[in-house]
Amino acid sequence: MNRVIDLRSDTITLPTDEMREAMRSAEVGDDVYREDPTVLKLEALAAKKLGKEAALFVTSGTMGNLIATMTHTTPGDEVIVEENAHIYYYEVGGMARIAGAMPRLVRGRRIGIIIPDDIKKVLRPSNIHFPKTTLLTLENTHNRGGGIVIPNKLMKELYSFAKGKGLSVHLDGARIFNAAIAQGIPAKEIAQYADSVMFCLSKGLSAPVGSLLVGTADFIERARKNRKILGGGMRQAGVVASAGIIALEKMVDRLKEDHENAALLRDRISKIDGLYVDRDGIFTNIVMMEIKRADIDAQTIVDALKKENILALPTGKNTIRFVTNRHIKRDDIHFVLDVIGGIMEKNV
Ligand code: TLP
């Protein structure tokens, strides 16, 4: 059977042999008592890399974002969210259901990028009838925005605007290292423009499980309590944290290769008649392809790709997402481009 070229997500990446070996021999203890040396090591490393005082190891990005919202807000508070943000779009409404927070959506000029003026439009003055607005969430890189980076200059502007309005800022930095590599800066230069950051080990960095929430020591202490409420106290979690340490120490720099493969895919797709990919911005390992022909939809193309052992994700009636990752090689990209070209010609 031919190898499957899986471009549905970077979450599909498998742990490396080195990770598996580290997991087998990890020194562990009960992390709820804070006695797991490997978790403590991962948390210290994460805090250092992101330039924050402390970190908390959590099961997933979704849990990290939810804990951040619970920790920054009081139930009933309003949270400012870009309308295509993962935290709003793909996290099962946990912000409302569990944190009890009310999202207030902001629309930018393009998916994923908002500027202070966009937020100004939805900010309310103080009034007896209004909820308290306490938090702004940002996402960098932006998933539905096709892996677009919020340029660091804009991060700075958004952060100082939010602080001026008395808001806390949480960054969904599931792919913050992609944003850092794409801009040629350390991740902590991005993280300085947020009070808390969640980032994932289990995406392009290839760890099997886990995300981290970073912030001030006081914030993380309160977040730890909220993690316990959600059942996220994980006991001998050093088994998986050990892979996370390798993810952070050894897997960041290679993200560049994923970006190069995605850039090739993006450039070539944009030359195929009937297809469109936004190229105006800084992009990373996600390619969001739009179909501009009425006679063919996303599902038809995804089904045709599957017949050639290529997996991609329809994200709307006319959009398909491709995510490059460690298992995708340059030749795979050429093959995928040939197949897409063929599908578009055959369906004329
Ligand atoms: N995103 C997944 C799916 O949920 C769509 C993917 O395949 O891209 N923030 C962002 C920006 C994300 O892209 C994701 C995962 C998360 C948070 C949630 O992380 P997990 O899956 O660990 O809960």
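It should be emphasised that the depicted structure is a prediction, and the values quoted were computed from it without experimental measurement. Atoms within a ligand are numbered from 1 in the order they appear, just like the ligands themselves. Numbering of residues begins at 1 and proceeds along the displayed sequence.
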Less than 6.0 angstrom separating the ring centers of Phe219 and His72, yes or no?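 Ring centres of His72 and Phe219 closer than 6.0 Å.
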Keeping to residues at least two apart or across chains, list the ring-ring contact (aromatic ring centres under 6.0 Å, His included) pairs with something in residues 177-200.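 Listed once each, the pairs are Phe177-Phe199.
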Return each pair, listed once, that meets ring-ring contact (aromatic ring centres under 6.0 Å, His included) where at least one residue sits in residues 108-147; pairs must be two or more places apart or across chains.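 Qualifying pairs: none.
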My understanding is that only residues two or more places apart in sequence, or in another chain, count here; which of them pass side-chain hydrogen bond (donor to acceptor under 3.5 Å, both in side chains) with Arg24?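 For Arg24, the residues satisfying side-chain hydrogen bond (donor to acceptor under 3.5 Å, both in side chains) (neighbours in sequence not counted) are Glu21.
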Spacing of Leu7 atom CG and His327 atom NE2 [to the nearest 0.5 Å]: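 Output value for this atom pair is 11.5 Å.
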Does CZ in Arg20 sit with more than 12 non-hydrogen atoms of other residues, nucleotides or ligands closer than 6.0 Å?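 For Arg20, atom CZ is not crowded (no more than 12 foreign heavy atoms under 6.0 Å).
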Where does ligand 1 get N/O contacts under 3.5 Å from the protein, atom by atom?
| from | atom 1 | to | atom 2 | distance (Å) |
| --- | --- | --- | --- | --- |
| ligand 1 | 1 (N) | His86 | NE2 | 3.1 |
| ligand 1 | 4 (O) | His86 | NE2 | 2.9 |
| ligand 1 | 7 (O) | Ser9 | OG | 2.7 |
| ligand 1 | 7 (O) | Arg321 | NH2 | 3.0 |
| ligand 1 | 8 (O) | Asn143 | ND2 | 3.0 |
| ligand 1 | 8 (O) | Arg175 | NH2 | 2.8 |
| ligand 1 | 8 (O) | Arg321 | NH1 | 2.9 |
| ligand 1 | 8 (O) | Arg321 | NH2 | 3.4 |
| ligand 1 | 9 (N) | Asp172 | OD1 | 3.0 |
| ligand 1 | 9 (N) | Asp172 | OD2 | 2.7 |
| ligand 1 | 13 (O) | Asn143 | ND2 | 2.9 |
| ligand 1 | 13 (O) | Arg175 | NH1 | 2.9 |
| ligand 1 | 19 (O) | Lys203 | NZ | 3.1 |
| ligand 1 | 22 (O) | Gly61 | N | 2.8 |
| ligand 1 | 23 (O) | Gly61 | N | 3.4 |
| ligand 1 | 23 (O) | Thr62 | N | 2.9 |
| ligand 1 | 23 (O) | Thr62 | OG1 | 2.6 |

